[in-house]
Amino acid sequence: MSRIHIRGGHVVDPACGLNEPRDVYVGDGRILAIGEAPASFVADETLAAEGQIVAPGLVDGAARLREPGASRKGGIVPEARAAATGGITTLVYPPDTRPVMDTPSVVELVHSRCQAAGAARVQPLGALTRELEGAYLAEMAALRDAGCVAVSDGGHPVADTLILRRAIDYAATFALPVMLTPEDPTLAEGGRVHEGETATRLGLPGQPSATETAAVGRILALVEESGTPVHLGRLSTARAAEMVAAAQRAQLPVTADVAIHQLFLTEHDCDAYNTEALVRPPLRTAADRDGLRRAVAEGTISAICSDHQPHDPDAKACPFADSETGLSGVDTFLALALRLVDEGLLSLPEAIHRVSLGPARALGLSAGTLRPGSAADVAIIDPRAAWRVTPESLRSRGRNTPFIGWDLAGRATATLVGGRVAHPGNEAESSRRQS
Amino acid sequence: MSVQLDPQGQLRHLISTEGLPRELLTRILDTAESFSGVLGKSVKKVPLLRGRTIVNLFFEPSTRTRTTFELAAQRLSADVLNIDVATSSTSKGENLLDMLRNLEAMQCDAFVVRHADSGAAEFIARNVAPGVSVINAGDGRHAHPTQALLDAFTIRRHKGPLEPLTIAIVGDILHSRVARSQIHALLGLGAGEVRVIAPRTLLPRAIEHLGVQVYEDMDAGLEGADVVMMLRLQHERMQGALLPSEGEFFSRYGLTEQRLEGSHPEAIVMHPGPVNRGVELDPRVADGPRSVILRQVTNGIAVRMAVMSIVLGGQGEAPTEPLEEVAN
């Protein structure tokens with residue numbers, strides 16, 4: 001495996017408290033050293049990173065890759081490659097595939113396809129319950145042995161509180177982090193947009209904020225009693241973020257993430273029946289967006305994900321009620337995170353933390369740092385590279401995004417996964433690298 | 001809703017009454033006024049849309065609404081094609097765009113669309129070929145603009161200009177496309193005050209953002225009202241715990257002669273039909289002297305003629321005399 005010298009970049013590694021110009025030395029798939037070259041280090045290649053940021057590769061805490069089950073929408077190989085182009089080195093893959101990731105065989109399929117991609121790592125989440133139906137426990141120990149990093153309800157909240165309690169306790173027995181969807185299935189009642197002004201104007205069934213806060217309250221009650229750690233995936237209300245902050249102050253082992261589009265968009269992005277802004281949980285009010293931003297800045301929400309959900313064109317080219325939810329997010333993830341820095345919400349190290357170390361820690365992954373000895377998952381980022389989001393600019397198979405037309409800044413000029421250059425690909429390689 | 005207006009501000013589609021300029025709303029009502037003269041003649045036809053084809057595309061069954069659109073089109077001498085899309089074929093697998101392309105290939109000039117999904121008419125309007133117009137005949141809970149316009153027309157005929165009027169809309173606001181369109185049309189035409197009256201379970205959140213006063217008490221809401229617009233209550237509202245029973249609804253929100261006494265002495269009573277007698281309306285009120293419910297039905301034809309002639313470009317005043325005998 002080749003030895004790589006990343007030269008002259010500005011290293012940002014929240015785990016080590018680094019935020020300064022340093023050279024980075026990579027070999028045997030790992031970070032060998034930062035600053036001074038190790039003794040007798042001879043680079044096989046040098047990546048010039050002058051004027052660029054050298055950061056841990058991004059860890060995307062929720063990305064649907066559509067394989068197995070919906071290959072017309074995506075696929076592990078194309079989506080993992082699109083992710084690497086976007087500076088992402090780890091994709092956490094929820095278990096709501098078809099078939100569901102409730103047996104080792106599906107997990108093994110995902111791992112083998114991931115190796116074929118040679119791009120971002122894919123970390124599958126095992127199902128919490130069999131078929132995600134909320135009735136019987138999945139074989140979580142077997143799933144862990146097959147390589148699942150954590151378990152999740154995969155967007156199918158467990159309706160029965162007793163089963164939920166047993167499921168998270170059983171997962172804790174095997175030290176499996178649990179990622180839950182904070183959504184009360186009865187209060188949602190078919191509502192897919194925020195219950196507010198836009199829903200009322202458009203005549204769409206609304207989903208009240210209590211859909212989320214009631215679910216968070218139920219989960220926190222279980223965590224409080226059992227002490228079992230839980231990660232809440234995709235908060236959408238300011239009130240839920242406050243509840244999580246209070247729980248964290250009371251030392252409860254609760255972490256939370258937010259989809260990055262929630263920090264930029266509101267219910268009004270659904271005006272005129274814009275199906276591209278139909279996401280789950282729904283976009284809510286400006287006050288919710290601002291509350292979520294505060295929670296990200298304060299660290300209550302320690303992870304930001306893309307909530308990547310690529311679709312085929314037909315999935316959105318229909319009346320609102322028939323439209324599928326979700327947006328394609330891996331291409332815009334990095335640039336939107338950097339926009340939070342430009343807007344003054346986060347410092348650069350904080351932004352890098354929320355999209356790498358934060359999610360990695362919440363899910364018990366060793367990724368998200370450049371600490372010597374760790375796997376060399378690295379993003380080299382040009383924060384000033386300006387680009388406009390157009391369908392053609394997206395590498396994901398899913399072109400479904402409400403950010404079309406936005407002018408963003410920030411691109412990964414190179415991405416290393418396990419010490420291997422996963423981006424740019426061979427055709428662009430020669431012009432980008434110097435020896 | 002800019003999809004409705006072309007760059008010159010002319011009405012190309014009618015999807016919603018929201019955001020329509022007051023002059024345009026007034027012109028529709030004025031045009032309807034001239035057509036209602038035609039309807040009084042023995043030959044109730046004008047050749048304004050001769051040679052044009054209008055397709056009634058109904059994804060949700062509605063004999064009454066479809067019939068008034070059909071009559072309106074025929075009285076403008078247009079050719080009418082009725083397509084009732086069975087519920088089974090509109091299942092999620094069916095591609096609505098494919099269906100539209102097929103219909104467009106038949107060279108029609110306008111679609112009159114009814115669909116159970118909010119936003120369906122706007123979706124179709126955004127996707128039809130240039131030169132084809134879409135008239136919304138009701139989409140989900142979103143809008144039913146021709147109903148609202150015929151209501152406004154009826155109010156104007158009975159009560160004159162809308163500015164001094166207080167208008168109360170009563171009943172299932174939550175699920176009502178009629179109520180939403182009425183609110184936008186009446187406020188757009190300058191109505192003095194529009195109130196909505198309903199129990200909290202049938203009021204959509206943030207409805208006050210539409211510019212209405214919200215009342216949960218019927219008697220308070222009716223006080224001084226010049227117009228009382230009742231909405232139809234669907235029987236299935238007892239499911240899902242929105243209401244305990246039709247009887248209890250009638251006891252608190254049904255319009256009786258006694259309740260009506262709290263309104264303006266010359267208040268008129270309206271209903272989009274069909275009336276659930278004894279659920280939202282006491283039969284004595286429905287058939288009583290204040291009721292203009294049957295006039296609404298008649299006015300519906302003139303208003304739909306006006307909308308069709310405007311969106312299809314025959315925008316002038318209707319001729320006062322039929323220009324010629326029109327063969328069918």
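These numbers come from the heavy atoms of this one structure, side chains and all, not from hydrogens, waters or symmetry mates. Letters go in sequence order (proteins before strands), and every chain restarts at 1.
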- Item | Other residues, nucleotides, ligands: >12 heavy atoms within 6.0 Å of B:E208 CD | yes
- Under 4.5 Å from any heavy atom of chain A - which part of B:D139: side chain
- Message: Donor-acceptor check, side chain of A:T200 to backbone of B:I207, threshold 3.5 angstrom: yes or no?
- Response: no
- Note on the structure: Closest non-hydrogen atoms of A:G203 and B:R180, given as atom of the first, atom of the second and distance, are CA-NE, 3.7 Å
- Message: A side-chain contact here means heavy atoms from C-beta on lying under 4.5 Å apart; do A:Y273 and B:H142 qualify?
- Response: yes
- Non-hydrogen atoms of A:C318 and B:F123 that approach each other most closely: N-CE1, 3.3 Å
- What are the two closest non-hydrogen atoms of A:G196 and B:A206, and how far apart are they? C-CB, 4.0 Å
- Taking all non-hydrogen atoms of both residues into account, name the closest pair between A:L202 and B:S118 and its distance. O-CB, 3.4 Å
- Hey, are the side chains of A:R201 and B:H184 touching, using non-hydrogen atoms and a 4.5 Å cut-off? yes
- Message: Can you confirm whether B:R205 is buried at CZ, in the sense that more than 12 heavy atoms of other residues, nucleotides or ligands lie under 6.0 Å from that atom?
- Response: no
- Heavy-atom distances under 4.5 Å only: say whether B:L97 touches chain A with side chain, backbone, both or neither. side chain
- Message: For B:R101, I'd like to know if atom CZ has over 12 heavy atoms of other residues, nucleotides or ligands within 6.0 Å.
- Response: yes
- Does B:R141 reach the side chain of A:P205, with side-chain heavy atoms less than 4.5 Å apart? yes
